Visitor: 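Take a look at the following structure, please.
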Amino acid sequence: MIGAVIVTYNPSIALLSKNINAVTYQVDKLLIVDNGSENIKDIESLSEKFRFEIIRFGVNLGIAKALNKGMEFFDLKKYEWVLTLDQDSVVEKNTVKKLTELDEFNQPKTAILAARFIDKKQSYSHHEQHVVENLYTITSGGLVRILAWKKVQGFDEQLFIDNIDNDFNQRLSGVGYRVMQANQVTFQHSLGDPVNSRPTLQKLLGIKKGLSPTDHSSFRQYYISRNGIIMAKRYFKPSFIQILRVIANTRQIFLFSSPIEKIVSSYKGIYDGLRYNTARDVYFQKYLKSKKSIKVNINEKKD
């Protein structure tokens, strides 16, 4: 059986309704995990129409915590796969059917089989229309195998909001699972509001023409910087080159609204990221120690 979980935090009710309407008939059960939304009553009113269950946190405990709660919910009900969705994603008709009909869905090494997102606010290059391995596949729009989720200890709740998908994908790959993206299957998703109205400043900052950095809150900027450095320390050898990239990328904040506030928040994240030590990270060390025992046979033949 296949379930779907949508994580919400103060969502646009109109967009969430469109999201729910698109996915509810494609899965066996839909669950919403809410991170303390102020408009929870409006979300609850949708459940009367679409018949989904809600888990309410009451406060914002982060995307990773919410995803883990959703995965646990379906694991207890003996489901095998869960479609994970952000509140601002909208799948196309028969998305789940198209994904489950692919050969990769039945291969035991496949931990994630994801659709490719399209953000109408961004410009994209051409994608070949077939299934590819992609460790940068985002959480939203992906079918996640519950067995694989369990083997790598789920989503890292320390990360809270940013790089949760990249970290999860890296750990899955580290034990031999595959993270696959079906480029021929697409869905609508928003990364945020791109900033492209200050071309002169963008040029002075050395940001390539055509790139449209996405403005985020100061709260989010902290996690972008901190978690970017954590990722560098966990998965890049040597890590200092990637750390320098994370620090250099903060220059794009000068293109955003309230840049000083966001720069301060970002550099607090950099400070905490530089203090992070993988050797003292109990969660990550547990994963590293268990890698050999849970290693998936990378030579395993297709079913």
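Note that the coordinates shown come from a computational prediction; the quantities given were computed from them, not determined experimentally. Residues: numbered from 1 along the sequence shown.
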Visitor: Centroid separation under 6.0 Å, is that true for the rings of Tyr235 and Phe284?
Guide: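 Under 6.0 Å, so yes.
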Visitor: Could you tell me whether the side chain of Ile118 reaches within less than 4.5 Å of the side chain of Arg116, counting heavy atoms only?
Guide: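 Counting from C-beta outward, Arg116 and Ile118 do come under 4.5 Å.
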Visitor: Would you check if the side chain of Lys233 reaches a backbone N or O of Tyr276 as a donor-acceptor pair within less than 3.5 Å?
Guide: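 Checked: pair present.
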Visitor: So Asp272 and Lys268, salt bridge (Lys or Arg N to Asp or Glu O under 4.0 Å) or not? Walk me through it.
Guide: CA-CA 6 Å; Asp272 287 344; Lys268 286 180 180 177; over 6 Å; no
Visitor: Any idea which heavy atoms bring Tyr223 and Leu159 closest together, and the distance?
Guide: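 Tyr223 and Leu159 have their closest heavy atoms at CD2-O, 3.6 Å.
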Visitor: Identify the heavy atoms of Phe155 and Ile164 that sit nearest to each other, and give their distance.
Guide: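 Heavy-atom minimum between the residues: CD2-CG2, 3.6 Å.
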Visitor: Give me the atom names and distance for the closest heavy-atom approach of Val5 to Gly70.
Guide: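 For Val5 versus Gly70, the nearest heavy atoms are CG2-CA, 4.0 Å.
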Visitor: Are the side chain of Gln181 and the backbone of Asn134 linked by a donor-acceptor contact shorter than 3.5 Å?
Guide: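 Here the side-chain-to-backbone pair does not exist.
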Visitor: Backbone N or O of Asn21 within a donor-acceptor pair of the Thr24 side chain at under 3.5 Å?
Guide: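 Checking the backbone N and O of Asn21 against the side chain of Thr24, no donor-acceptor pair under 3.5 Å is found.
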Visitor: Would you indicate whether the side-chain heavy atoms of Tyr9 and Phe57 approach each other to under 4.5 Å?
Guide: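 No; the side chains remain at least 4.5 Å from each other.
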Visitor: Donor-acceptor pair, Asn169 side chain versus Thr137 backbone, under 3.5 Å?
Guide: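 Side chain of Asn169 to backbone of Thr137, a donor-acceptor pair under 3.5 Å: yes, one is there.
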Visitor: How far apart are the C-alpha atoms of Gln170 and Met231, what are their side-chain angles, what is the distance that settles it, and do they pass the side-chain contact (heavy atoms from CB on, under 4.5 Å) test?
Guide: CA-CA 9 Å; Gln170 287 286 349; Met231 289 290 292; 4.3 Å; yes
Visitor: For Leu147 and Tyr177: C-alpha separation, side-chain torsions, deciding distance, then whether side-chain contact (heavy atoms from CB on, under 4.5 Å) applies.
Guide: CA-CA 11 Å; Leu147 177 61; Tyr177 277 114; 4.1 Å; yes
Visitor: Do Val91 and Val96 come within less than 4.5 Å of each other through their side chains, counting heavy atoms only?
Guide: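 They are not in contact (no side-chain heavy atoms under 4.5 Å apart), so the answer is no.
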Visitor: When you measure from the centre of the six-membered ring of Phe73, is the NZ or CZ of Lys69 under 6.0 Å away and within 45° of the axis?
Guide: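 No; the conditions do not both hold, so Lys69 does not lie above the ring face of Phe73.
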Visitor: Please check this pair: side chain of Asp86 against backbone of Asp88, looking for a donor-acceptor N/O pair closer than 3.5 Å.
Guide: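 Not a single qualifying donor-acceptor pair exists.
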Visitor: Look at the side chain of Thr250 and the backbone N and O of Ile247, then say whether any donor-acceptor pair between them is shorter than 3.5 Å.
Guide: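 Here the side-chain-to-backbone pair exists.
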Visitor: For the backbone of Thr110 and the side chain of Glu104, can you confirm whether one donor and one acceptor N or O come within less than 3.5 Å of each other?
Guide: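 No.
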Visitor: Do Leu85 and His189 have side chains that get closer than 4.5 Å, going by heavy atoms?
Guide: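 No, side chains not in contact.
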Visitor: Check whether any side-chain N or O of Ser12 sits under 3.5 Å from a backbone N or O of Leu15 as a donor-acceptor pair, and report yes or no.
Guide: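 Here the side-chain-to-backbone pair exists.
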Visitor: Are Leu288 and Trp149 grouped together when hydrophobic residues (ILVMFWY) are joined by side-chain heavy atoms under 4.5 angstrom apart?
Guide: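 Both belong to a single hydrophobic cluster.
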Visitor: Is there a salt bridge (Lys or Arg N to Asp or Glu O under 4.0 Å) between Lys262 and Asp215? Walk through the geometry before answering.
Guide: CA-CA 10 Å; Lys262 292 174 182 177; Asp215 196 354; 2.7 Å; yes
Visitor: Please lay out, stage by stage, how Arg234 and Asp156 fare under the test salt bridge (Lys or Arg N to Asp or Glu O under 4.0 Å).
Guide: CA-CA 13 Å; Arg234 285 182 176 181; Asp156 185 356; 2.8 Å; yes
Visitor: Consider only side-chain heavy atoms of I, L, V, M, F, W and Y, link residues closer than 4.5 Å, and tell whether Ile270 and Ile224 are in one cluster.
Guide: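 No.
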Visitor: Please check if the side chain of Asp28 supplies one atom and the backbone of Gly3 the other of a donor-acceptor pair under 3.5 Å.
Guide: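 It does not hold such a pair.
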Visitor: Write down the atom of Asn10, the atom of Asn39, and the distance for their closest heavy-atom approach.
Guide: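 Heavy atoms only, the tightest pair is CA-OD1, 3.5 Å.
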Visitor: Could you go step by step and tell me if Leu102 and Gln184 meet the side-chain contact (heavy atoms from CB on, under 4.5 Å) rule?
Guide: CA-CA 11 Å; Leu102 295 170; Gln184 68 273 37; 3.6 Å; yes
Visitor: Measure across Met1 and Lys77 and return the closest heavy-atom pair with its distance rounded to 0.1 Å.
Guide: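 Nearest heavy atoms, Met1 then Lys77: CE-O, 3.9 Å.
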Visitor: What do you reckon, are the aromatic ring centroids of Phe240 and Phe236 less than 6.0 Å apart?
Guide: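 No, the ring centres sit 6.0 Å or more apart.
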Visitor: With hydrophobic residues grouped by side-chain heavy-atom distances under 4.5 Å, do Ile260 and Ile263 end up in a single group?
Guide: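 As far as the 4.5 Å side-chain criterion goes, Ile263 and Ile260 are not connected within one cluster.
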Visitor: Hydrophobic clustering (ILVMFWY, side-chain heavy atoms < 4.5 Å, transitive) - are Val59 and Tyr222 grouped together?
Guide: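 Yes, Tyr222 and Val59 fall within the same hydrophobic cluster.
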Visitor: Taking C-beta and beyond as the side chain, do Ile43 and Ile54 meet within less than 4.5 Å on heavy atoms?
Guide: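 Side chain of Ile43 against side chain of Ile54, heavy atoms only: contact under 4.5 Å found.
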Visitor: Between Val179 and Ser173, is there a side-chain heavy-atom distance shorter than 4.5 Å?
Guide: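 Of all side-chain heavy-atom pairs linking Val179 with Ser173, none is under 4.5 Å.
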Visitor: What is the ring orientation for Phe52 with Phe50, classed by angle as parallel under 30°, tilted 30 to 60°, or perpendicular over 60°?
Guide: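 If you compare the ring of Phe52 with that of Phe50, the planes turn out parallel.
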Visitor: Decide side-chain contact (heavy atoms from CB on, under 4.5 Å) for Lys29 and Glu53; before the verdict, give the C-alpha distance in whole Å, the side-chain angles of both, and the deciding distance to 0.1 Å.
Guide: CA-CA 8 Å; Lys29 192 173 190 64; Glu53 291 194 41; 2.9 Å; yes
Visitor: So do Asp42 and Leu46 actually touch side chain to side chain, heavy atoms under 4.5 Å?
Guide: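 Leu46 does not reach Asp42 side chain to side chain.
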Visitor: Between the main-chain N or O of Ile146 and the side-chain N or O of Glu80, is there a donor-acceptor pair closer than 3.5 Å?
Guide: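 A pair under 3.5 Å: no.
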Visitor: With a 4.5 Å cut-off on side-chain heavy-atom distances among I, L, V, M, F, W and Y, is there a chain of contacts connecting Tyr136 to Val152?
Guide: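 Yes: a chain of side-chain contacts under 4.5 Å links Tyr136 to Val152.
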Visitor: Do the non-hydrogen side-chain atoms of Asn249 and Arg251 ever get within less than 4.5 Å of each other?
Guide: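 With C-beta onward as the side chain, the pair touches.
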Visitor: Taking atom CZ of Phe219 as the centre, does the number of heavy atoms from other residues, nucleotides or ligands within less than 6.0 Å exceed 12?
Guide: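 Yes, enclosed.
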Visitor: Please determine whether side-chain hydrogen bond (donor to acceptor under 3.5 Å, both in side chains) holds for the pair Thr84 and Thr139, giving the CA-CA distance in whole Å, both sets of side-chain angles, and the decisive distance to 0.1 Å.
Guide: CA-CA 6 Å; Thr84 54; Thr139 304; 5.7 Å; no
